[in-house]
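Structure first, commentary second.
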Amino acid sequence: MKKKESATNPLFYERKNFWKEAPSTERQAAMDFAVPYKQFLNVAKTEREAIAYTLDVLHKHKFKAFTDKKKSHRVYSVFRGKTIAIAVLGNEPLTNGFNLVGAHIDAPRVDLKQNPLYEDSSSAMLCAKTHYYGGIKKYQWVSTPLALHGVVVKTDGSLVDICLGESEDDPVFVIPDLLPHLARKEQYTKNIGDAIDASRMNLVFSGMVEAGSTETEAARAYALKLLNDRYGISEHDLLSAELELVPATPARDAGLDSSMVVGYGQDDRICAYAGLMAVLDNLDAKPKRTMIAYFSDKEEVGSQGNTGAHSVFLQDFIGHLLDLKGETNSAANLRRTFINSQILSADVNVAVDPNYPSVHDRQNAVLFNYGVGISKFTGSGGKGGCNDANAEFNAKVIRTFNDAGVFWQTGELGKVDEGGGGTIAYILANLGAEVIDCGTGLMGMHSLYEMCSKADLYSTYRAYKAFLLAD
Ligand code: MN
Ligand code: MN
């Protein structure tokens, strides 16, 4: 009885289940939206690959780089191959502010060290040393097939792309885990976080040697010969390489009803993809305010460096837009532009996990299938390190979503004092803009098999699309 009343009482806040309430055309649209999304996850497993995919799509839609001589209302700028800003100029002056969806395209992973190769005397195998990137649970990265992605930049400046382990006949790489039979002392007596030592996350790289070889490091010599034949590189070149190990498995549907997607790197490429599609599908709209999608790098390690959200890159991009609009590209105008702007910090949220409901406050956590998540604040402890969005802006975003019929819900990252996390929200808010966190709920975040609901993926796209056109 009580439940029935609550479902109809207009004074109550009740989130809506997408599958239950959405029209059948929307149900189908949500399923269809996930098809190219999975393709994107498969070809964009690193930040550089996400940029390459984005550029390809932008060129198909007649976007021009700033460096292009032809002027266009659709422009982009890539910075150091790892971060991008995309804009569609609006009719209003830019100093009135822009609408921006900001996601990140780096993801937790395991990198090769700069001087990785060594012949392991105990096993008589050639191994490769690694250094993990971002917040991983180390035990998830052992005993699983990994692909090697990245670039080798030779000292002459030439760049060699590496992508090994993705096609059916490619070899993959494995960091072997200890067998349970012998794990009693080495692992079972330790905390789960210490059970896998980072210095023991070495790849078994190769094992063959040249027939009849008398070299002391014959396996190393053989592997380097293979690398040289295939890519024209030597061990010297690895010193200036960026080689990332990512899960070799492709994204695919999950669940009996295929209502979910399981795949690597959905934090935060799900929001990047939704943001990119939102911009493209708004191209006929002739927006009043300039629409921007911004994909940053290095979020998983604190957004530092010249490709992270702390970089001057985004401000420089906005300065260029002022020029393009014929407005004075001054420091004062740049400040004014940011102050008048509205930003969705498009990063994933955590959906209630059926195995660990106790880490959430369910009524303030997002659930699968109930739409895009809005988080007024993130951070940890007493909202430490967070951006706490202004209530006025929070209300405006909700109004925009309601007007567009977007399924949305409010949710914070876990119970108070349970842990926490941050996004790029505060970095952009420091520039004076209105910023709120808004993204898709995931299960198994930062694992090799992150999972999302297709209803939420689609709702995220619809949310960003409506927001980009908001007044
Ligand atoms: Mn994220
Ligand atoms: Mn993350």
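First listed ligand is number 1; within each ligand, the first listed atom is number 1.
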Practice prompt. Only counting residues at least two apart or in another chain, list the ones meeting ring pair (Phe, Tyr, Trp, His ring centres under 6.0 Å) with Phe338.
Written response: Phe98
Worksheet item: Are any side-chain N or O atoms of Thr83 and backbone N or O atoms of Phe79, one a donor and one an acceptor, separated by less than 3.5 Å?
Response: no
Item to complete: Would you tell me whether Ser375 and Asn349 have side-chain atoms, one donor and one acceptor, within less than 3.5 Å of each other?
Response: yes
Practice prompt. Quick one: closest heavy-atom pair of Leu245 and Arg109, and the distance?
Written response: O-CB, 3.7 Å
Worksheet item: Quick one: does Asn340's side chain have a donor or acceptor within less than 3.5 Å of a partner on Thr95's backbone?
Response: yes
Worksheet item: Can you list the protein N, O or S atoms less than 2.8 Å from the Mn ion (ligand 2)?
Response: Asp267 OD2, Glu300 OE1, Glu300 OE2, His446 NE2
Worksheet item: Can you check whether Val142 reaches Ile175 side chain to side chain, under 4.5 Å on heavy atoms?
Response: yes
